[in-house]
Q: 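My structure is below; once you've seen it, I'll send some questions.
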Amino acid sequence: MRRTRVRFAPSPTGPLHMGGVRTALYNYLFAKQNGGDFILRIEDTDSHRFVPGAEKYIIEALKWCGITPDEGVDAEGNVVSVASDKHPHAPYRQSERKPIYRKYAEQLVASGNAYYAFDTAEELAAKRAEAEAAGQTFIYNQNTRKELRNSLTLSEAETKALLEERSDWTIRFKMPENTVVKMDDLIRGHVEVNTDTLDDKVLWKRADELPTYHLANIVDDHLMEITEVIRGEEWLPSLPLHYLLYQAFGWTDTMPRFAHLSLLLKPDGKGKLSKRDGDKMGFPVFPLRWVNAEGEVSRGYREDGYFPEAFVNLLAFLGWNPGDDRELFTLEELVPVFSLERIIKSGARFNPEKARWYNREYLRMKSDSELAKLLAPILEENGLKGAFTDEYVTKAVALVKERAFFVQDIWESAKCLFLAPKEYNQKDVEKFWKEDTPAMVKAAVKDLAEKGDFSSKEAIEEHLVGFIKGNEWPMGKVMNSLRLVLTGAASGLGIADIISFIGRDELLRRVNGCAL
Ligand code: GLU
């Protein structure tokens, strides 16, 4: 039995979409479940699509989720560039593996599975234009290759001369004719494709001496001893070529098994969840916030206040379920229950409400004091660092946490326990703040301050209610007005709760200093 080795192989072409994080997560879970290795490999051979900062982003996003690679990055989170005892398969960045690939491409030429192609970009563009004019599409394949400039049509001497003279040739895969490629996918089952529908893909380019995705991917999966390839379904069309490459290299005995994951779909189920959807529909599609070269900001789960546990949990359930009703699993808890067999074939519809639900569940699982600690940065932002005891903050959390989905919600509901209002809700003011209101509010508060018992919220409540009733004043009007004075809005926490938190002195300060 080979040791399980799986890899997540992102191309650093931008921020990692949440679908990409899900791919990484499923790979990680599969590796851990089988006592194997999870490898992070950076596929950066396409320099045109390289985006600065993307690699760092990918590493940080995985780290935030707790998806730690066994190989690929070192303890500091740097991609390992030099092979060592611990990392015999390094480097893990394909651009640093450049010298490895050429010999494999040449090997395929020697065995008749590939050929040199000398067509210039202009010549190919002209062919495309010509075909388009005739209402067709140009494809470099078994039909056209016979009329193009390559080592199959040129003499050996001409080929040799061109290989030396020119620095823009490529090595293309020679797709076999009319052959059925029989493939097995762990999620999709058996798939067959006739090679006549496929083209002769470029494998290696002399111009930058770099392989294309297909060659680098197969060579590295082989050299890194990958046993299962778990990746997005957008790579399914490449699978026949990958099978044929394994055959051409003679590596079928150790060929990995494949699992292609279905796409994440928009909330309405119509089409794939794209990078733009989040900002359009008001939820994040990226794990972390991302600012592109134009300064455009895309929101991230982390910055939106999601707990990494909640994000991981909701991702796991986008396309997989454990087969029973249980929905809450931490990363560690997912390891034993996860299975490729239970991954659904159809696309997984993303539900933003469910995402919020997951966060609320994780928020509820946290203790009041843990949440109080998480509130500390917000208190600091509001200039309240050290202004309240831990006990006070913890009690405030306990009072409001039931209704919160995010730590930010705790702050929004509990703000009035820490700060006097800076503004008042205009609609509430119009509704409750009438000519006779200030006098009633002031009188009720004065009486409470002078004679009331502040030791419990029940005592406060009883005193206030007794006083208002005794004067035969309208209860709702006075109470809501008092809340308006204390918090800036007529609805929110119970009056007695607020007063028991802020105490007599602050009560008087807010009422006497009221800007209404
Ligand atoms: N570099 C490819 C990507 O960006 C990897 C595909 C694969 O896993 O084979 O998705």
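In listed order, ligands and their atoms are each counted from 1. Only a predicted model underlies this, so the values are computations on that prediction, with no experimental measurement involved.
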Q: Can you tell me if Glu234 contacts ligand 1 (heavy atom of the residue under 4.0 Å from the ligand)?
A: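 Heavy atoms of Glu234 never come under 4.0 Å of ligand 1.
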
Q: How about Phe406 and Tyr306: are their ring centroids closer than 6.0 Å?
A: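 Ring centres of Tyr306 and Phe406 closer than 6.0 Å.
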
Q: Counting non-hydrogen protein atoms only, what is the nearest one to atom 5 (C) of ligand 1? Give residue, atom name and distance.
A: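 Nearest neighbour among protein heavy atoms for atom 5 (C) of ligand 1, to 0.1 Å: Ala9 O, 3.1 Å.
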
Q: Output the list of atoms in ligand 1 that are nearer than 4.0 Å to some heavy atom of Asn217, sorted by atom number.
A: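 The atoms of ligand 1 under 4.0 Å from a heavy atom of Asn217 are 7 (C), 9 (O).
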
Q: Once you restrict to heavy atoms under 4.0 Å, what part of Phe8 touches ligand 1? Side chain, backbone, both or neither.
A: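 For Phe8, there is no contact with ligand 1 at all, from either part.
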
Q: Please list the nearest protein heavy atom to atom 8 (O) of ligand 1 with its residue and the distance rounded to 0.1 Å.
A: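 Closest protein heavy atom to atom 8 (O) of ligand 1: Arg7 NH1, 2.7 Å.
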
Q: Which residue holds the protein heavy atom closest to atom 10 (O) of ligand 1, what is that atom called, and what is the gap in Å?
A: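 Answer for atom 10 (O) of ligand 1: Trp235 NE1, 3.2 Å.
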
Q: Could you list which atoms of ligand 1 come closer than 4.0 Å to a heavy atom of Glu43?
A: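 So the answer, numbered in order with elements, is 1 (N), 2 (C), 5 (C).
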
Q: With a 4.5 Å limit on heavy-atom distance, are the side chains of Tyr140 and Asp119 in contact?
A: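 A side-chain contact exists here, since the closest heavy-atom pair is under 4.5 Å.
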
Q: Lys32 and side-chain contact (heavy atoms from CB on, under 4.5 Å): which single residue from Leu334, Ile67, Asp70, Leu331 fits?
A: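 Among Leu334, Ile67, Asp70, Leu331, the one meeting side-chain contact (heavy atoms from CB on, under 4.5 Å) with Lys32 is Asp70.
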
Q: To the closest 0.5 Å, what do you measure between CE (Met255) and CD1 (Ile218)?
A: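 Reported value, rounded in 0.5 Å steps: 9.5 Å.
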
Q: Are Tyr213 and Asp46 linked by a side-chain donor-acceptor pair shorter than 3.5 Å?
A: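 Not at all, the side chains of Tyr213 and Asp46 share no donor-acceptor pair under 3.5 Å.
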
